[in-house]
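If you read the sequence from its start, that first residue is 1, and numbering goes on from there.
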Amino acid sequence: MDYQQKQSPAFSKSSDSKVSKKYIHDDVAFYVLSKLPIKSLKRFGCVRKSWSSLFDDSHFMTVFRSHFISRHNSDDHHHTFLLIYQPDCDDHYHPELHLLDSRIKLNLPPPFSEEDRFLSILGKTSVNGIFCIGQRGNTNKVRYVLWNPATEEFVNIPPSPDEVMSKHPLLGVFHKFHGFGYDQVKDDFKVIQYVSFDSSGCDGYDIDSPPPHGIIYYSFFEIYSLRNNSWKILHIDDMSMRYVGNVFSGEELYMNGACHWLVQGKIHDTIALMSFDLTHEVFFTTPIDERSELDYGHLAVLNGSIALIINHDNNNTFHISILGELGVKESWIKLFIYGPMPSIDWPLIGFGNKGYIFFRKIDDELVRVDLSTQIIEELGFKGEDYCCCKIGIYKESLLSIRGSNN
């Protein structure tokens, strides 16, 4: 419905026929406000009382959603990528990387081949045209490679010190990727991982025994700097630590100079958004007014905003909330409720170009759902439950991975 065809209750016309020239007509204000980002719209709520209640106005929200969906990256340099494992004639699965918009298959960089297993595009997006590809081995160690498909340049990231130093033979070491992004101030690409230790099932290990010299047994974050070509341990405050230890697997993303991921609190099953500023190298959290099991929450970037998708009660009805301002719990706004869609299987695969959401159907067909119409379109690929599928945004760039250092 056009905004001029129906007058919003929040914008009743003035009964005074002699309106001041400084007065903004309600219809004009309605239209302008509906195009603002959530953060700006929240702040404008203090200007007029009627503006503070816009999120409760169903007509305004309909127009606001329409404008939000229409803001997308539609230029030729943005693509939706699909990393999928496909079976061969011997039922061996091998990775394939496709650009769905142009139906182009990309060749993986030389460090990897189509015979490699456990590959993943980390962080759900390219950063300045650069992919971070991770490969997890049988020892729970992660191998990282930075790659620019447009220039075919790649950089192998060296293992962190905790991977090369000797450890207690009865102590398991686990590495979890948590972020890849770009420090704009230092012109530096960085990778974050979480290192944890586990002695469960190890007979003869005494947790109270002093560790050998140089060995650390507590869990920690560490960060790699491409400019320095080195790893270092990160330290976080006690407030952030209350969320660490129960992290949503694979729920990481990069946006605007910071890495973000979902975490679950150790008290009352609350969830939060944990963020890491790549320039200042500090952690901070944004509480979320939702309760969710680990399997039912998904984090994504939707049209330039952080989005949280919750599948409540596993009933294929999806609630999508958008974050207006980092660190502000009240700036989460629930914009969309879709479903139920009985043919769709959870979890979703990811978001692509133009705001499409990608799912797997119960018959294993991969599909995309148009947010504005809820029309389901098949992609021509199949992905079984145990088949790794990654979908995200790739933006072409001819810049060197090493930037000004190259």
Side-chain angles (χ1 to χ4, degrees), residues 37-38 61-84 96-106 120-127 129 131 149 250-255 260 296-311 316-323 333-383 387-396:
I38 292 176
M61 290 303 296
T62 298
V63 179
F64 183 83
R65 291 188 193 99
S66 176
H67 288 161
F68 181 86
I69 295 174
S70 66
R71 294 195 297 267
H72 55 71
N73 297 319
S74 58
D75 64 74
D76 294 335
H77 297 288
H78 285 84
H79 306 274
T80 300
F81 73 80
L82 167 66
L83 177 68
I84 187 170
E96 292 183 355
L97 183 60
H98 299 264
L99 299 183
L100 294 179
D101 309 283
S102 54
R103 294 291 174 176
I104 294 177
K105 179 183 175 182
L106 299 178
S120 182
I121 301 292
L122 302 175
K124 302 177 183 175
T125 186
S126 66
V127 179
F131 281 128
E251 292 305 316
E252 312 93 7
L253 58 85
Y254 166 83
M255 193 182 77
H260 314 273
Y296 301 148
H298 188 90
L299 197 63
V301 173
L302 178 58
N303 292 352
S305 298
I306 294 177
L308 172 66
I309 301 92
I310 296 291
N311 179 10
N316 280 1
T317 297
F318 310 109
H319 298 237
I320 304 179
S321 298
I322 306 298
L323 179 62
I333 298 297
K334 187 170 293 186
L335 281 189
F336 308 100
I337 299 178
Y338 290 104
M341 292 187 283
S343 64
I344 297 299
D345 194 15
W346 183 267
L348 61 87
I349 302 174
F351 278 84
N353 197 20
K354 302 181 182 179
Y356 285 107
I357 311 179
F358 291 80
F359 291 91
R360 179 189 295 104
K361 291 174 63 178
I362 56 178
D363 60 1
D364 292 332
E365 286 286 345
L366 301 188
V367 299
R368 68 180 187 181
V369 179
D370 189 322
L371 273 178
S372 59
T373 64
Q374 298 192 44
I375 294 177
I376 299 176
E377 178 185 353
E378 293 188 352
L379 303 180
F381 292 91
K382 278 186 176 288
C387 175
C388 172
C389 297
K390 292 285 185 180
I391 275 183
I393 300 296
Y394 164 58
K395 182 179 180 180
E396 291 183 39

Ignoring hydrogens and angles, tell me if any N or O in the side chain of S126 forms a donor-acceptor pair with the backbone of K395 under 3.5 Å.
yes

So, for R360 and C389, which heavy atoms are closest and what is the spacing to 0.1 Å?
NH2-SG, 4.0 Å

Looking only at heavy atoms, which two atoms of S120 and K390 are closest? And how far apart?
OG-CE, 3.2 Å

Heavy-atom nearest pair, I322 first then A307, reads CD1-CB, 3.7 Å

So, taking the atom named CG in L83 and the one named CD1 in I349, what distance separates them when rounded to the nearest 0.5 Å?
11.0 Å

OG1 on T317 to CE on M341, rounded to 0.5 Å
8.0 Å

Could you tell me whether the side chain of I309 reaches within less than 4.5 Å of the side chain of L302, counting heavy atoms only?
no

Value for CZ (R368) from CD1 (I357), rounded to nearest 0.5 Å, stands at 12.5 Å

Measure the CD-CG distance between E252 and L122 for me, rounded to the nearest 0.5 Å.
7.5 Å

Taking ring pair (Phe, Tyr, Trp, His ring centres under 6.0 Å) as the cut-off, I'd like each qualifying pair that reaches into residues 350-382, sequence neighbours left out, listed once.
H98-F381, F318-F359

Do I84 and L366 touch side chain to side chain, with heavy atoms closer than 4.5 Å?
yes

Verify, without hydrogens or angle tests, whether S343 (side chain) and K361 (backbone) share a donor-acceptor contact under 3.5 angstrom.
no

Applying side-chain contact (heavy atoms from CB on, under 4.5 Å), name anything that partners V301, two or more places apart in sequence or on another chain.
L253, M255

Heavy-atom closest pair (I393 atom, G352 atom, distance to 0.1 Å) is CD1-C, 3.1 Å

May I ask you to decide if K382's main-chain N or O and D364's side chain share a donor-acceptor pair within less than 3.5 Å?
no

Taking atom CD1 of I121 and atom CG of L82, what is their separation to the nearest 0.5 Å?
10.0 Å

To the closest 0.5 Å, what do you measure between NE2 (H78) and CG (D101)?
11.0 Å

Just so I know, are the side chains of L100 and N353 near enough to count as touching, which here means a heavy-atom distance under 4.5 Å?
no

Is I320 close to L335 at the side-chain level, that is, under 4.5 Å between some pair of heavy atoms?
no

Decide side-chain contact (heavy atoms from CB on, under 4.5 Å) for L323 and L308; before the verdict, give the C-alpha distance in whole Å, the side-chain angles of both, and the deciding distance to 0.1 Å.
CA-CA 8 Å; L323 179 62; L308 172 66; over 6 Å; no

After noting the C-alpha distance and the side-chain angles of I344 and V367, does the key distance pass the side-chain contact (heavy atoms from CB on, under 4.5 Å) rule?
CA-CA 9 Å; I344 297 299; V367 299; 3.8 Å; yes

